[in-house]
Peer 1: 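Structure incoming, see below.
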2 protein chains.
Amino acid sequence: MDAILAAAVQLFVQGGPRAVTVDAVSEASGVAKTTMYRHWTDRNHLLADTYRQCLPVVPEPPRELDPEQGLRFVVRALVNGMGKAPARPALPHLIATPLDAVESRALPPDVMDQTFAPVVGAIRRAAVDRLIPETTDVLEAKHQIVGFVIMSALDPACEMNDVLADRIVDLFLTGRRVPD
Amino acid sequence: MDAILAAAVQLFVQGGPRAVTVDAVSEASGVAKTTMYRHWTDRNHLLADTYRQCLPVVPEPPRELDPEQGLRFVVRALVNGMGKAPARPALPHLIATPLDAVESRALPPDVMDQTFAPVVGAIRRAAVDRLIPETTDVLEAKHQIVGFVIMSALDPACEMNDVLADRIVDLFLTGRRVPD
DNA sequence: TCAGTACGCTACTGTATCGTAGCACATCAA
DNA sequence: TTGATGTGCTACGATACAGTAGCGTACTGA
């Protein structure tokens with residue numbers, strides 16, 4: 001099963017959802033087509049799992065970090081997760097969530113939001129603790145940070161590392177920080 | 001021909017490139033399939049034109065504007081262009097450039113960069129004129145602004161208007177502006 | 001009137017793809 | 001040994017789609 005998913009992920013990364021056909025995955029993984037249908041009811045469910053496999057996981061920051069450290073922690077995790085395979089090469093396809101998989105309820109429409117949830121949490125905490133104005137529009141701030149990360153990841157020339165993550169947080173905070 | 005493209009755009013917006021089949025466009029537009037092949041050599045070329053039709057056009061700012069006004073001008077244009085149909089509903093599909101169309105050379109791989117070119121130009125001018133540091137990494141700044149715009153447009157709840165555009169520029173400049 | 005141009009229609013070929021049926025084989029535990 | 005489970009293989013049927021052939025029709029300008 002891992003071999004199947006690995007092959008599916010590779011096909012997805014290279015050619016998008018269109019390339020993830022049952023026959024192609026079967027051949028690439030060396031697993032018989034019939035066997036695949038014993039693990040997934042549908043091509044759409046396989047595609048949904050493939051999609052999820054490509055999403056990076058952003059952990060919640062440890063409790064002992066202060067709001068700024070917490071924000072840096074999640075943005076670093078997001079940048080690094082989005083910056084490496086399979087997320088990075090698959091990113092365009094991840095943004096265009098496969099409609100088939102959504103319509104067949106194999107994927108919820110907002111799958112990707114789960115990836116960003118820890119970032120939103122860190123922003124909210126920064127607002128509550130007055131690192132940024134308490135009245136901050138959290139969604140707007142999310143668009144600001146996540147958009148920066150995604151655009152960077154979409155540019156193949158861009159290095160995705162802690163330096164970039166900290167830079168993004170610095171620019172974010174400098175633009176919004178409230179003086180003590 | 002306009003009717004064909006209009007139908008193709010609608011299908012693209014609703015269902016992505018996969019929905020833009022020759023038969024579907026033919027039926028939706030009321031134009032015979034054979035007629036379509038008299039205007040486009042290929043399904044890929046039709047898809048490429050459909051794609052371009054969805055891209056917003058961001059004009060260069062008038063020469064008489066100062067760097068800050070110029071930046072506001074292009075960001076407003078980008079926000080408004082991305083915020084309305086067909087660009088906004090098609091945006092996920094625009095980011096995941098149809099690989100078929102690219103491989104068949106009907107679309108260049110960097111189509112979308114042309115849309116952002118005026119933004120890059122305005123940023124560069126802002127740096128040259130010391131509105132932001134002369135050493136500013138222009139590509140980084142592009143990712144910052146364009147990413148913010150795109151993430152906002154991807155969120156259906158977000159209002160895309162001049163207020164948002166100015167807010168984006170404000171946050172950008174506050175984080176980077178050099179004191180006189 | 002006549003040639004050129006553009007369009008429509010039906011029917012067709014060829015291919016890719018999903019999904020299933022039916023049968024054989026191997027491994028492992030009771 | 002035997003039954004359960006998991007896998008493989010070949011061969012299908014059904015559908016969707018790209019692209020073409022061949023023929024007829026309507027308009028337009030000389």
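Hydrogens, waters and symmetry mates play no part in the numbers below; they use all other heavy atoms, side chains included. Note on naming: letters A, B, ... go to the chains in the order of the sequence lines (proteins, then strands), and numbering restarts at 1 for each one.
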Peer 1: Considering only distance and modelled atom types, tabulate donor-acceptor pairs under 3.5 Å from the side chains of residues 78-98 of chain A, sequence neighbours left out.
Peer 2:
{"residue": "A:Asn80", "atom": "ND2", "partner": "A:Arg76", "partner atom": "O", "Å": "2.8"}
{"residue": "A:Asn80", "atom": "ND2", "partner": "A:Asp162", "partner atom": "OD1", "Å": "2.9"}
{"residue": "A:Arg88", "atom": "NE", "partner": "A:Ala153", "partner atom": "O", "Å": "3.0"}
{"residue": "A:Arg88", "atom": "NH1", "partner": "A:Cys158", "partner atom": "O", "Å": "3.2"}
{"residue": "A:Arg88", "atom": "NH2", "partner": "A:Asp155", "partner atom": "O", "Å": "2.8"}
{"residue": "A:Arg88", "atom": "NH2", "partner": "A:Cys158", "partner atom": "O", "Å": "2.6"}

Peer 1: Can you tell me if the side-chain N/O atoms of B:Arg38 get under 4.0 Å from OP1 or OP2 in C:dA6?
Peer 2: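 So the side chain of B:Arg38 is outside the cut-off, no N or O lying under 4.0 Å from OP1 or OP2 of C:dA6.
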Peer 1: May I ask you to test the B:Ile145-B:Phe116 pair for a side-chain heavy-atom distance under 4.5 Å?
Peer 2: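 Result no, sub-4.5 Å side-chain heavy-atom pair not found.
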Peer 1: Would you call A:Leu173 and A:Ile132 a side-chain contact if the rule is heavy atoms closer than 4.5 Å?
Peer 2: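 With C-beta onward as the side chain, the pair touches.
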Peer 1: Report yes if some heavy atom in the side chain of B:Glu140 is under 4.5 Å from a heavy atom in the side chain of A:Phe148; otherwise report no.
Peer 2: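 Yes, side chains in contact.
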Peer 1: Can you confirm whether B:Glu159 is buried at CD, in the sense that more than 12 heavy atoms of other residues, nucleotides or ligands lie under 6.0 Å from that atom?
Peer 2: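 It does not: B:Glu159 CD has 12 such atoms or fewer within range.
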Peer 1: Check each residue of residues 30-37 of chain A for a non-hydrogen atom within less than 4.0 Å of any atom in DNA chain D, then write out the ones that pass by number, or none.
Peer 2: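 A:Gly30, A:Val31, A:Ala32, A:Thr34, A:Thr35 - these, ordered by number, are the residues of the stretch whose heavy atoms sit under 4.0 Å from the strand.
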Peer 1: Given atom CZ of B:Arg18 and atom C1' of C:dC18, what is their separation to the nearest angstrom?
Peer 2: 10 Å
Peer 1: Go through DNA chain D in 5' to 3' direction and return only the first and the last nucleotide with some atom under 4.0 Å of chain B's heavy atoms.
Peer 2: D:dC17 to D:dA21
Peer 1: What's the separation between atom NE2 in B:His45 and atom CG in B:Leu107, rounded to the nearest 0.5 Å?
Peer 2: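 Here the rounded value is 9.0 Å.
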Peer 1: Are side-chain heavy atoms of B:Ser26 and B:Asp23 found at a separation under 4.5 Å?
Peer 2: no
Peer 1: Starting from A:Val57 and following side-chain heavy-atom contacts under 4.5 Å between hydrophobic residues (I, L, V, M, F, W, Y), which residues can be reached?
Peer 2: none
Peer 1: Could you tell me the separation between the CG atom of A:Asp23 and the P atom of C:dT20, rounded to a whole number of Å?
Peer 2: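 A:Asp23 atom CG is separated from C:dT20 atom P by 14 Å.
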Peer 1: Give the angle between the helix axes at the two ends of the helix from C:dT1-D:dA30 to C:dA30-D:dT1, taking five base pairs at each end and rounding to 10°.
Peer 2: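 Taking five pairs per end, the axes differ by 0°.
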Peer 1: Take A:Asn44 and B:His39, find for each the nucleotide of DNA chain C with the closest heavy atom, and name the residue whose nucleotide sits nearer the 5' end.
Peer 2: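 Final value for this comparison: B:His39.
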Peer 1: Between the side chains of A:Asp170 and A:Arg167, is the shortest nitrogen-to-carboxylate-oxygen separation below 4.0 Å, so that they form an ion pair?
Peer 2: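 Not counted as a salt bridge, because no side-chain N and carboxylate O are separated by less than 4.0 Å.
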Peer 1: With clusters built from Ile, Leu, Val, Met, Phe, Trp and Tyr whose side-chain heavy atoms come within less than 4.5 Å, directly or transitively, what are the remaining members of the cluster of B:Val13, listed by chain and number?
Peer 2: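 Besides B:Val13, the cluster holds B:Val9.
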